[in-house]
Amino acid sequence: ANLRQDPAHAAAFDPFPISRTAGLAGPHLPDRGRGCRGLPGGAGVLCAARQAGLGAARLGVRAGLVAAVPKEIEEELATGDCKAIGVLGGPAYNHPYGLVWVDVDGASVYPLIEEISGCSFQDALPPTLTICSGKEGRERRLYKLNRDKHKHFIRNKYTWHAGGNKEKLEILWKKHQGVLMGLHPETDGYYTKEGLGFEWVDKLPEFPEWLLNSIITKNAKQGKPAQE
C-alpha cells in the first residue's frame, strides 16, 4: 500500500536498471529538489513527480538519466524526498516487447470496456499488475506488447470517452507513465489491487487483442498524426 509498500517489490522490474529522471529532479537542480524517483519501464525510466504544486498532468519528462539503486530510492521514500515512483510505457530497451498502461478513469469505463470488447470486464482485461489511486472507479493495468505490434501504436495515447463526466479509457504508450507507489494529492496514496500486485511483474500478460484491434480501427479512421 502506497509509501508503506516495500520498494524492493517494485525493484523486481529488473533486468532494467533503476534510474533517476534528471529532467525533473536531482542534486544539480537545487531549486526543484529531489522530489521524485523512477523505476524501469518502456523506453527508459520516468519518475512520478508528486511534489507540491504538480498536478496529475505533470508527471514528468524523461531526460538525462543517471544511475540509482533501490536502496537510495528506499531511503528517499522514507525521508519524504521522493514522493512516488512510476514506470514509463513504450518499447523496452534490448527486449522484444514494450509496456502499455491501460488506464480506467471512471466508473462508467467498466461498461464501456464490456461494450467494446464484447465480454465481461474480467475477461476483457486479464489479471496483471494493477495500481489504484484510491479514487472510485480508477485503476491502471500494465501489459506487454510484442515488438512486431509496436507499428500499430502511431499515437502515444488512445482515448475512448465513457458516459460519466470526463471519464474515459486511455491506452498509454511512449511519453506516458503510471505510478507504482507513492503519495496522491486527494487520497491516502497509491496501492496495488488485491491479488494483482508486484508478483505479476515477471509474468505480465499480452496486451489484449480486442484493444489492439480497436487501436487499428482508430488509426484507419483518424489517419497518421503529423507528429507524436
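The first residue of the sequence shown is numbered 1, and numbering continues consecutively from there. The structure presented is a predicted model; accordingly, all values stated were derived computationally and were not measured.
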Q: I would like to know whether Arg141 and Leu196 meet side-chain contact (heavy atoms from CB on, under 4.5 Å); could you show each step before the answer?
A: CA-CA 9 Å; Arg141 298 193 173 208; Leu196 301 175; 3.8 Å; yes
Q) How long is the span from the CD1 atom in Ile171 to the CG atom in Leu212, to the nearest 0.5 Å? A) 10.5 Å
(Q) To the closest 0.5 Å, what do you measure between CH2 (Trp101) and NZ (Lys157)? (A) 16.0 Å
(Q) Nearest 0.5 angstrom please: Ser117 OG to Leu125 CG, how far? (A) 7.5 Å
Q: Could you check Asn219 against Lys224 for side-chain contact (heavy atoms from CB on, under 4.5 Å), going step by step and ending with a plain yes or no?
A: CA-CA 7 Å; Asn219 291 340; Lys224 188 174 182 179; over 6 Å; no
Q) Which heavy-atom pair separates His150 from Gly98 by the least distance, and what is that distance? A) NE2-N, 3.2 Å
Q: Can you see which heavy atom on Gly223 is nearest to which on Ile154, and at what distance?
A: O-CD1, 3.9 Å
Q) Has Lys166 got more than 12 heavy atoms of other residues, nucleotides or ligands less than 6.0 Å from its NZ? A) no
**Q.** Derivation of the side-chain contact (heavy atoms from CB on, under 4.5 Å) call for Tyr190 and Leu180
**A.** CA-CA 7 Å; Tyr190 292 92; Leu180 289 177; over 6 Å; no
Q: Locate the shortest heavy-atom distance separating Glu167 from Val109; write the atom from each residue and the value.
A: C-CG2, 4.2 Å
Q | Donor on one side chain, acceptor on other, Gln222 and Tyr158, under 3.5 Å | A | no
Q. Which pair of non-hydrogen atoms, one from Ser133 and one from His184, has the smallest distance, and what is that distance?
A. CB-CD2, 3.7 Å
Q. Which residues pass the salt bridge (charged side-chain N to carboxylate O under 4.0 Å, His left out) test with Lys149, sequence neighbours left out?
A. Glu209
Q: Give every residue pair that meets the salt bridge (Lys or Arg N to Asp or Glu O under 4.0 Å) criterion with at least one member in residues 97-113, sequence neighbours excluded.
A: Asp103-Arg140, Asp105-Arg138, Asp105-Lys168
Q: Mark yes or no for whether Asp188, through its side chain, and Gly134, through its backbone, hold a donor-acceptor pair below 3.5 Å.
A: no
Q | From CD (Glu199) to CG (Leu129), nearest 0.5 Å | A | 8.0 Å
Q. Does Pro127 offer a backbone N or O that forms a donor-acceptor pair with the side chain of Trp200 under 3.5 Å?
A. no
Q: Taking the side chain as every heavy atom from C-beta outward, state whether Trp173 and Ile215 have any atom pair closer than 4.5 Å.
A: no
Q. Are the side chain of Thr130 and the backbone of Thr128 linked by a donor-acceptor contact shorter than 3.5 Å?
A. yes
Q. So, the side chain of Lys218 versus the backbone of Thr159: is there a donor-acceptor pair under 3.5 Å, distance only?
A. yes
Q) Which heavy atom of Phe198 sits nearest a heavy atom of Thr192, and at what distance? A) CE1-CG2, 3.9 Å
Q. Just how far is it from atom CG of Asn146 to atom CD of Glu206, taken to the nearest 0.5 Å?
A. 4.0 Å
**Q.** From Ile116 atom CD1 to Trp160 atom CH2, the distance as rounded to the nearest 0.5 Å
**A.** 6.5 Å
Q.
Which heavy atom of Phe121 sits nearest to which heavy atom of Glu139, and what is that distance?
A. CZ-OE2, 3.9 Å
Q) Can you check whether Gln177 reaches Leu172 side chain to side chain, under 4.5 Å on heavy atoms? A) no
Q. Is the shortest heavy-atom distance from the side chain of Val102 to the side chain of Leu169 under 4.5 Å?
A. yes
